[in-house]
Every structure is written in C-alpha cells, then in structure tokens.
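Proteins get letters first, then strands, A, B, ... in listed order; numbering begins at 1 in each.
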There are 4 protein chains.
Amino acid sequence: MTTASTPKGERRKHALVEAAAALLIEGGFDAVRHRSVAERAGLPLASTTYYFESLDDLIVEALEFHGRQELARGRELLTELATSPRGLEALVELVLDQLLGPKARDNDAQAILLRYERLIATARRPYLRPLTLELGGELRALLMDTFAKFAAGIDEARLEQLIALVDGAVVNALIEVNPDPRAAARGMLREALA
Amino acid sequence: MTTASTPKGERRKHALVEAAAALLIEGGFDAVRHRSVAERAGLPLASTTYYFESLDDLIVEALEFHGRQELARGRELLTELATSPRGLEALVELVLDQLLGPKARDNDAQAILLRYERLIATARRPYLRPLTLELGGELRALLMDTFAKFAAGIDEARLEQLIALVDGAVVNALIEVNPDPRAAARGMLREALA
Amino acid sequence: MTTASTPKGERRKHALVEAAAALLIEGGFDAVRHRSVAERAGLPLASTTYYFESLDDLIVEALEFHGRQELARGRELLTELATSPRGLEALVELVLDQLLGPKARDNDAQAILLRYERLIATARRPYLRPLTLELGGELRALLMDTFAKFAAGIDEARLEQLIALVDGAVVNALIEVNPDPRAAARGMLREALA
Amino acid sequence: MTTASTPKGERRKHALVEAAAALLIEGGFDAVRHRSVAERAGLPLASTTYYFESLDDLIVEALEFHGRQELARGRELLTELATSPRGLEALVELVLDQLLGPKARDNDAQAILLRYERLIATARRPYLRPLTLELGGELRALLMDTFAKFAAGIDEARLEQLIALVDGAVVNALIEVNPDPRAAARGMLREALA
DNA sequence: GATGAATGAGACTTCATTCAT
DNA sequence: GATGAATGAAGTCTCATTCAT
C-alpha cells in the first residue's frame, strides 16, 4: 500500500488531487467520488484507492491543495503591492482577495462557497480539523502582515472581528439567487475600517 | 398522491419530521436517509415515501420544523422579558438565544451547527432557498423587535452587521475541538454593542 | 367485495375503464397502474381495487371497452355505406377502418398499436384469451358481412389471408420512426384484392 | 466505466446475456429483472449493472444475441441445402425456419413469440429500433438469397408480401390455447407460393 | 358502499472498497 | 507498481394490495 512516490506517481497523484479540487468547487463534497475523480483526471478508477487510503484522504488533500493555492495567491498579492499602498479601498480589496480568493474568475461564488463548506464540514468530520486549523492560522498570519504593511497594524482581537464580519456577511449572502458574497463582505469591511 | 391528513396520519408524519430533525442535528444532512428516519420514528420504511414526495421534501420539512421551533422560543423569550429590561448583558444573551437557539441543552454546538449547515447547503440546493429566506426574514423581524424593546432600536444595516459578526464568529468557532460558538459570538456582540 | 352496481357506481366504474383505455393507448400495458388510472379518472386510488378484483381485471375491461368501441364504429361505417358501394378503393378503406380503427385521429399509430399489443400480450396472459378470441370472432363476422355487401363475398380462408396480410404489414410498419401502418396495410390489401 | 473485457469478463457478461435471453423467451420483457438475470446466471446482483449500463442495455444485447443466433442458423440451413433443392415444400419449410427459427425445440411457440414481442415493443421503446431495423434488414437479405437459390427469385415487394403473410398468420395464431403458429404460417405460405 | 391509510416486496442503481493479477 | 474486475451494502423510490373505518 506504499503511497507512491515515483516522479510519475507524484504526477498522477497530483492529477487526482486537482481533479478532486475542481469537483469540490463545482459540486461540493458530495460530488467527490472515486469514479468522478478518476474520470476527471483521466486515470483508472483504482488509482484513487491506490494513491489514497480512502476517499476522505483524497478530499483532505484536495482541500489542502485548494487552500494553499489561495493562500499563496494572497501572499503574492501582498508582495506585488507597490511599496506605498493606496489607502482604504486597496486594503479592503486585498483583504477580500485573501479571505475569499482573488476575484474575477468564472466560478467566483462557488470557489468562495468551498471555503465555508470546509469550515462547516470540519465540525462533523474531525479529520478535517488539523487542516482547517492550520490554514486558518496561516491566513491570519497573512492578514496580520497585510494590515502591518498598511500603516497601522491591528491586534488579534480586531482581526478576529474583521474576519467574523466578512465570514458572516458571506454566509448570509450565499443564499441569494445570484449571490455576490464579495460585495456583501466589501460593504461590511469598508465600514468597519472607515 | 393523498399525502395523508388524519389526526393519526398527522401524528405519524410529524414523528417522521421530528426524527429527521433529530438526525439532522446529530449527523447533518448525510445522516438523513429513508431508513434512518423510519427506524428512528419507529415506523416502516415505506412510510417515509408515503408521507413525503421525496427525501429532500422531508429534509425541508424537518429544517422548517427545527427553524420555526427556535424562532418561537426566541419570541417567547422576548415576551417573557420583564417590562424593564436589564441592560446590555441581558440584551446580548437574548440576541444569542434568538440567533443560536436558547442555550443550555445537551447538543448545544450541534444544534447551532445545523443553522449554518442549512445556510451553506442552500447555496448548492436551490429547493432550500425559499425556506432559508423566509426563516431569515422572520429572524430579522424578531431581532428588530428585540432591539426596539431595548431602548434604542437599530436600523437594518446595523442589524446585518451584528448578524454577520455573530455568524462569522460562530463559523470560525465551530472548528475547535470543544467548540463554544456561543462564547465566541458573545464576545463579538458584547464589544460591538458596548 | 360486491362489485358495485349503483347507477353512480356504474358511472364511476366506467370512468375508470375509460381512463385505463386511454392510458393503454398512450403508454401500453406498463402505463396502467392503480395510481395512474385513478388520477386520470379523478377518482380515489382505492376505487380501482374497489371496482375491480385486480389490475389485470381492469385491463381486461379497458381492452374490451376499446375493442368493442372500434367494432361498433366499424359496423356503423358498414351500415352508413350507400346502397351501391363504390368499388375497390372504398372496400379497401372500409376494411382498414374495421381492422385498424377509423382513420384520422391524432393518436393514429398508437391506437393501432394497441390492437397488436393485445394480440401479443394474450400469448403470455391467458386471462386475455377469452376476450381476444371473442373480439377476433366478431371482427371476422363483421368483415364477412362487409365483403358480402361488396358483390362477391369471400370464404373464411381467404378472409384469414387478408387479415394476415394486413396484420403482418402493420406489425412490420410499426417499427419505423414515423410509422404509417395504415399505408403499409393499404398497399398490401389493394394488391391482394385487385 | 470500464465495461470489462477479460476473457473471463467476457464469459461472465455473456452468461448474463444468455440468462436474459432465456428469460425473455420464457417470460417476455417483464421477466427480465436485475435479480432474475443475475440469479439465473449464478452471478451476484451487482454484476448486472457492472457489465451493462442499464437493464435496457442488457435487454438489447439479449435480443441481439437471440436474433443473430436465429439468423445464423437460418443461413446455415440455406448453406447446408443440397445443391438441387427439393421443390415447394422444402422452400416453405426453409422460409419458415428463417422467419420463425428452426422448428422442433421445446419452447417453440415461446421463441417465436419473442420475435413479435420485439417488433411490437419497438414501437414504444425507441432504443430498440436500431436493432430491430438491422435484424430485419439481415433477415430480408437472407430470404432474398433463399428465394434466389430456389429457381425464380423474387422482388422486394413480393418478399414483403410473403413476410406480412407469415407474420400476420403467426400473430393471429399465437392467441390460441395450444398455438401452432408455424402451421398457420405454413398454410398461408404454401398457398401463396403455389 | 367507499376510501384514506398503510406497507411489504421488490424495482433500479450507486458506490467504496477489496483483490487477483 | 498499477489496475481491471468484482461485489456487498445501501441508497431512493414504485406499487399492488390489504384493511380499518
């Protein structure tokens, strides 16, 4: 059951992870099945059980892949930022990028949704907790850096407050017919930072 | 299709709804199956399809039952309140009762969790939207009344802000090993109202 | 289990028979279910088992109703016929009317199909045999009368031959995308009678 | 979807096809169920969905198997025929063999019945059409060859006429208590060819 | 006489996982 | 190392029929 590590093995394993991540975004947890993942990756059905102990395992790795990718993009955005930041609006957008993922993609609301599905799912699936806690920690560190770069800097309590504001706004926005969770969060954040 | 309405029929149908609601609290959406609901209600398997068009139908009714029950309790608490309310702490607790359900039960965190599972699930299951929107509307009306009774009163934007704060705090608290979402929300709310 | 005979009872029973006949035409044997018949007739589900021993029973009566109705129409057509018949073409059309049902309705091919579904079904369902044999006998008598009225008259062997020709043509025509079984049968018949 | 293709897999799949074909002959379309096929083949229930997309799929393959087997036997008979054919009687029997399947088996009438059940069923089940049309085409080609070998040869219109005669005779014979559809068809054919 | 209520049996299908090769 | 083959368990749902009222 050696969980593979040939270059080729690595490549295939990653293809499965990517496929699973795409399915998670498109259809949520229920869309991730051995069959659907394998088909999407163009790999044999049994490869999913060969490279992963179980389906839950695969889901964890897919969530991690997706989460870290968003984090990395968030860090990049912070780095790319001109040395003299451009005020409140820029800060608000950057924080939204980091909390919800960079905007302007086709599957906007769905990708955002996944972050909250993961959070909520963690409450019932203990095996997700380590990942969710770690990603949460890294996200918070990134946000602290971000605020530090924008003049003031903030303390942890204030950060939690802002995160809560955004997350709460998003969760309540996602139920609309044409949800625009980012806009809802933007409103909250802008006012709180004004 | 004769979806039953004798007193006895009503009783049985309700037993299924209650069983489904209990399962929702204990195990989330995935725990609600024809079999599990019927067994829990002590009724034959086929009764689930006899009283409900489909499993989704049953889930909707169970969510509605649970949601309305919490709302009713919230309204009661507001009514029972002594004519001269007792200040900030009392307001905070009352709002928490109304948003998260009255405290002090055995399945505290789980029952709270269900509210957020419903919210998130609505994003992928359009048939939940009407219910979620309606319950959301009633909850907001109740909260408006509540704030009105406590001197000041607040406008809608402020209310949304407070709701976001609580919901965001809860969603982020639910991932802990021994989650105390109420405490997290309390902290946020107390400070915001101070 | 007194199979009802109030005027009202008769009326309701007949409504069920008609509903079942319509379903037979539209969807074949598989479309006849207690539920579908009752709904179509606008009567309670249990009325189907109240007025009929079983579903098969109801099917038999529906087939009989449909078959006799077609026969009656065939007889009418023969009677209505002007005293001096109009030659071969008229004979051909009349025989087709009698074998396949009068033309020019919306559900042409489907109604014709039912005659052959009944024939074939009889081979597996002995309880259909009495009906099928009787309707077959009456049809043959009618056809004999028809040929008698058109000059010559024919013997039984010749009649069987013509029936076989028509039935065989129809059965082979029904498999086409836009079946015109009547046209196929017409061709055969015309040539055989020429 | 990996619909199997090992030699062993092929063998198992074929066992299911054969089982389904036997059930079709014995009990018609309604007798073909996942359970009944699997049991008859001595294979697990799930094997039916493993090897076939759906039950309809299995039915199609079973019908094809049966139809092609009959065609093959018909071709053999034509080939085996002594170089100097033996006149009308021999021709009649050969044509009957080809249209109804070689005689002298235990399930004579039932196997013949299946041909007509398939024809009729095609009218309500479009997915059977391709198969029914193809088998019909091959059968006609075989019959043309057959008549060609017996002196004269015939044109297509005449062939359709003979087929109609046989099919019509059979369809009308199948409703008898002890049906002898072959005898009925023989009578028609003999006279038509005389 | 009539019917709403009820259910056991069984239908088709999905799926995670095991295993032999 | 990789994978096609295989299947038990369970899923949702339909339906003819029975029965109490």
Side-chain angles (χ1 to χ4, degrees), chain A residues 1-6 8-9 12 30 32-38 43-58, chain B residues 1-13 30 32-38 43-58, chain C residues 1-6 8-9 12-13 30 32-38 43-58, chain D residues 1-10 12-13 30 32-38 43-58:
Chain A
M1 223 30 70
T2 35
T3 329
S5 62
T6 344
K8 182 183 160 206
R12 300 175 62 127
D30 289 352
V32 183
R33 303 291 180 195
H34 284 111
R35 252 177 198 57
S36 59
V37 174
L43 291 174
L45 171 59
S47 64
T48 52
T49 48
Y50 179 68
Y51 289 104
F52 302 89
E53 291 274 314
S54 71
L55 199 55
D56 288 341
D57 224 52
L58 172 48
Chain B
M1 229 15 72
T2 42
T3 327
S5 62
T6 329
K8 187 181 159 204
E10 285 298 328
R11 234 179 301 129
R12 296 170 64 108
K13 184 174 180 179
D30 289 351
V32 183
R33 301 295 177 191
H34 284 106
R35 258 182 204 24
S36 60
V37 174
L43 292 174
L45 174 57
S47 65
T48 53
T49 51
Y50 176 66
Y51 287 104
F52 302 90
E53 295 268 312
S54 71
L55 198 56
D56 287 343
D57 225 52
L58 173 49
Chain C
M1 221 30 71
T2 36
T3 330
S5 63
T6 343
K8 183 183 161 205
R12 299 175 64 127
K13 186 173 177 180
D30 289 351
V32 183
R33 303 292 179 193
H34 283 109
R35 253 178 199 57
S36 59
V37 174
L43 291 174
L45 171 58
S47 65
T48 52
T49 48
Y50 178 67
Y51 288 104
F52 302 89
E53 292 274 313
S54 71
L55 199 56
D56 288 342
D57 223 53
L58 172 48
Chain D
M1 232 10 75
T2 43
T3 327
S5 64
T6 330
K8 186 182 161 203
E10 284 297 329
R12 295 170 64 108
K13 184 173 179 178
D30 289 351
V32 183
R33 302 294 177 190
H34 284 106
R35 259 184 204 20
S36 60
V37 174
L43 291 173
L45 173 57
S47 65
T48 52
T49 51
Y50 176 66
Y51 287 105
F52 302 89
E53 295 268 312
S54 71
L55 196 58
D56 288 343
D57 225 53
L58 172 49

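Here C/His34 does not reach the OP1 or OP2 of F/dC15: none of its side-chain N or O atoms lies under 4.0 Å away.
In this structure, CZ of D/Phe52 is placed 15 Å from P of E/dT14, rounded to the nearest angstrom. Computed from coordinates, the A/Asp57 CG to E/dT17 C1' distance equals 14 Å when rounded to whole Å. A/Arg33 has its CZ atom 10 Å from the P atom of E/dT17, to the nearest Å. In this structure, D/Lys13 places its NZ atom 11 Å from P of F/dA5, rounding to the nearest Å. C/Asp30 has its CG atom 14 Å from the P atom of E/dA11, to the nearest Å.
In this structure B/Ser47 satisfies the side-chain contact (heavy atoms from CB on, under 4.5 Å) test together with B/Leu16, B/Leu43, B/Pro44, B/Tyr51, sequence neighbours excluded. When the salt bridge (Lys or Arg N to Asp or Glu O under 4.0 Å) test is applied to A/Asp57, no partner is found at least two apart in sequence or on another chain. Every side chain to side chain donor-acceptor pair (under 3.5 Å) that A/Asp56 has, sequence neighbours left out, goes to A/Tyr127.
For DNA chain E, if you chain together Watson-Crick or G-U pairs that step i with j, i+1 with j-1 and so on, the runs of at least three with distances under 3.5 Å are E:2-21 with F:2-21.
Residues B/Thr48 and B/Leu55 form no side-chain contact, since every pair of their non-hydrogen atoms from C-beta on lies 4.5 Å or further apart.
Nucleic acid contact for A/Thr48: none, since no nucleic acid atom lies under 4.0 Å from a heavy atom of the residue.
Note that CG of A/Leu45 is 7.5 Å distant from NE2 of A/His34, once rounded to the nearest 0.5 Å. Between the CZ atom of B/Phe52 and the NZ atom of B/Lys13 there is a distance of 5.0 Å, given to the nearest 0.5 Å. Rounding to the nearest 0.5 Å places CG of A/Leu58 at 12.0 Å from CZ of A/Arg33.
In this structure, D/Val32 and A/Leu55 both approach DNA chain E, and ranking their closest nucleotides by distance from the 5' end singles out D/Val32.
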Between the protein and nucleotides 7-9 of chain F, are there any N/O to N/O pairs under 3.5 Å, and if so, what are the atom names and distances?
from  : atom 1 : to      : atom 2 : distance (Å)
F/dT7 : OP1    : D/Arg12 : NH2    : 3.3
F/dT7 : OP2    : D/Arg12 : NH2    : 2.4

